[in-house]
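What follows is a structure written as structure tokens; I'll ask about it next.
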Amino acid sequence: MSRLDAIAGLNAGSYQRHPLHGGAGAGRGAIPPPVWTEKNCYADLWIAVLHALRLEPLAMLPCTLAVDFEGDQWTFFKPSLDALYVLYGIDVQELNVWRPLIEHVTEHLSTGKLISTEADAFWLPDTAGTDYRTQHTKTTILIASLDAQASQLGYFHNAGYFELAGEDFRQVLRVDAAAAGPLPLYAELVRTDRLVRREPAELASLSLALLRTQLLRRPATNPFLRFGDRLTRDLPELQARGLPHYHAWAFASIRQAGAAFDLLAANLRWQAGFGHPALIPAAECFDTIAQANKALILKGARAVNAGRPFDAAAMCATMAQAWEQGMTLLSEALDAGPQT
């Protein structure tokens with residue numbers, strides 16, 4: 001057989017999403033339906049691949065606690081490579097792409113390793129309706145299956161697992177000379193040979209330790225106050241430059257902030273089930289931020305499209321208050337320790 005599968009039994013047609021992506025279980029128990037189904041390409045692929053490996057991605061989410069408004073964008077949050085190793089035994093290293101990418105993929109998938117790589121969403125069929133065959137957009141995928149003879153590729157992207165073939169295959173892997181490009185794509189080698197399947201309580205305990213560490217890295221000043229001031233100044237330019245510019249700005253700002261606090265709330269609710277019910281009030285504050293950003297991105301788009309005035313001050317003030325209260329409640333809950 002020419003097909004290489006780094007994860008046994010994985011199939012695009014039968015892949016079931018994790019509740020964080022709106023899959024079975026969302027809205028029941030500790031995980032409400034996600035406000036933001038898709039977060040960002042890197043966080044999403046790790047949610048999906050950990051789920052496919054029968055590991056719990058909720059444990060890696062403390063990384064969202066330290067997100068900040070950087071001036072022209074919010075932090076593009078990612079789970080740290082150290083956290084992936086501590087929690088799951090997954091080792092991620094940069095891949096030196098010194099030969100054609102397809103040769104690296106063939107070699108490493110044959111030994112059970114996975115490859116994450118930059119890709120152009122223009123050639124990813126799961127982006128149909130947005131980028132596919134419409135516009136060139138940089139994103140990240142994680143390759144889990146390859147059939148070089150049939151020109152087929154299985155990959156994690158956004159909220160799921162998908163397959164592509166034909167010209168898409170040749171372009172994504174830069175098989176044709178015309179698609180090679182002047183520089184190699186950035187790629188990472190993902191080793192799962194030391195995978196650790198921890199008991200849920202042990203995994204939660206390690207995740208809680210990460211949460212304490214990330215709390216120390218939270219912004220020194222309220223990021224939503226700074227974001228609100230910047231949005232007021234930038235709104236005339238956003239309206240003048242139109243919807244395409246607005247959508248690019250909103251992905252870098254509103255979506256990253258909203259998705260981060262959506263995931264942070266999910267982690268806290270999960271942690272609450274392991275003797276920390278005092279985390280729930282903080283989670284509810286961060287829910288407010290996730291919901292307010294979803295409303296903001298829609299209202300902002302309508303205002304830009306119609307060219308009408310839009311005052312986001314009240315929404316940003318609500319988020320700023322929720323951030324202050326949530327951080328205070330979270331600090332107090334972590335200081336209080338577990339409850340029996």
Side-chain angles (χ1 to χ4, degrees), residues 1-15 17 38-53 76 78 81 84 90-193:
M1 293 180 62
S2 63
R3 185 181 179 95
L4 301 173
D5 294 298
I7 301 178
L10 191 58
N11 183 279
S14 59
Y15 174 80
R17 295 182 175 188
E38 294 179 358
K39 290 64 173 168
N40 66 50
C41 58
Y42 199 78
D44 280 325
L45 72 81
W46 276 110
I47 292 170
V49 74
L50 289 172
H51 179 50
L53 290 168
F76 191 90
K78 300 179 178 182
L81 304 188
L84 293 172
I90 292 175
D91 186 18
V92 183
Q93 303 291 340
E94 181 175 348
L95 176 66
N96 183 4
V97 185
W98 60 271
R99 55 179 173 166
L101 181 60
I102 189 171
E103 295 183 18
H104 291 292
V105 174
T106 299
E107 173 160 343
H108 293 299
L109 260 63
S110 69
T111 60
K113 301 167 190 171
L114 301 155
I115 299 289
S116 73
T117 179
E118 292 179 330
D120 184 350
F122 188 92
W123 305 108
L124 300 179
D126 69 285
T127 66
T130 54
D131 298 322
Y132 185 54
R133 303 299 179 99
T134 300
Q135 61 181 354
H136 295 280
T137 306
K138 182 178 75 69
T139 189
T140 302
I141 63 172
L142 192 142
I143 301 170
S145 178
L146 174 76
D147 188 331
Q149 292 183 8
S151 296
Q152 294 178 343
L153 186 75
Y155 66 100
F156 291 96
H157 185 238
N158 288 338
Y161 180 73
F162 308 94
E163 293 179 348
L164 55 77
E167 184 181 9
D168 298 331
F169 176 92
R170 293 189 293 274
Q171 293 288 341
V172 167
L173 291 181
R174 297 186 170 190
V175 174
D176 298 334
L183 294 172
L185 297 168
Y186 178 79
E188 292 176 328
L189 183 63
V190 180
R191 294 184 54 168
T192 60
D193 54 313

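FYI, side chains are in, hydrogens and waters are out, and symmetry mates aren't considered; it's all heavy atoms of this structure.
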**Report entry** Sidechain-backbone polar pair: Asp5 side chain, Ile7 backbone, donor-acceptor under 3.5 Å
**Finding:**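 No, the answer is negative, given that no donor and acceptor are paired below the 3.5 Å cut-off.
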Requested in this report: Using atom types as modelled and distance alone, determine if a side-chain donor or acceptor of Asp126 lies under 3.5 Å from a backbone N or O of Phe162.
Outcome: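 Checking the backbone N and O of Phe162 against the side chain of Asp126, no donor-acceptor pair under 3.5 Å is found.
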Query raised in the report: Of all residues at least two apart in sequence or in a different chain, which pass the side-chain contact (heavy atoms from CB on, under 4.5 Å) check with Glu94?
Result: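 side-chain contact (heavy atoms from CB on, under 4.5 Å) check on Glu94 returns Tyr186.
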Query - Heavy-atom donor-acceptor pair, Arg133 side chain to Trp123 backbone, under 3.5 Å - result: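 No; judged by distance alone, with no hydrogens or angles, the pair does not exist.
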Query raised in the report: Would you say Asp120's side chain and Thr137's backbone share a donor-acceptor pair under 3.5 angstrom?
Result: yes
Report task. Apply the test salt bridge (charged side-chain N to carboxylate O under 4.0 Å, His left out) to residues Arg3 and Glu163: give CA-CA distance (whole Å), side-chain angles for both, the deciding distance (0.1 Å), then the verdict. Result -> CA-CA 13 Å; Arg3 185 181 179 95; Glu163 293 179 348; 3.4 Å; yes
Query raised in the report: Any idea how Phe156 and Tyr15 line up, ring-wise: parallel (<30°), tilted (30 to 60°), or perpendicular (>60°)?
Result: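 Plane angle over 60°, so perpendicular.
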Requested in this report: Could you check whether the rings of His108 and His104 sit parallel, tilted or perpendicular, using 30° and 60° as the cut-offs?
Outcome: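 Parallel.
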Requested in this report: With the side chain counted from C-beta on, respond yes when Val97 and Leu185 share a heavy-atom pair under 4.5 Å apart, and no when they do not.
Outcome: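 In short, these two side chains do not touch, never coming nearer than 4.5 Å.
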Report task. Kindly write out the residues that satisfy side-chain hydrogen bond (donor to acceptor under 3.5 Å, both in side chains) with Gln93, not counting sequence neighbours, or none if the list is empty. Result -> Asp91
Query raised in the report: For Asp193, which residues count as a side-chain hydrogen bond (donor to acceptor under 3.5 Å, both in side chains) partner, sequence neighbours excluded?
Result: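 Result, side-chain hydrogen bond (donor to acceptor under 3.5 Å, both in side chains) vs Asp193: Arg191.
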Query raised in the report: Do Arg170 and Ser151 meet the criterion of a side-chain donor-acceptor pair at a distance under 3.5 Å?
Result: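 No, Ser151 and Arg170 have no side-chain donor paired with an acceptor closer than 3.5 Å.
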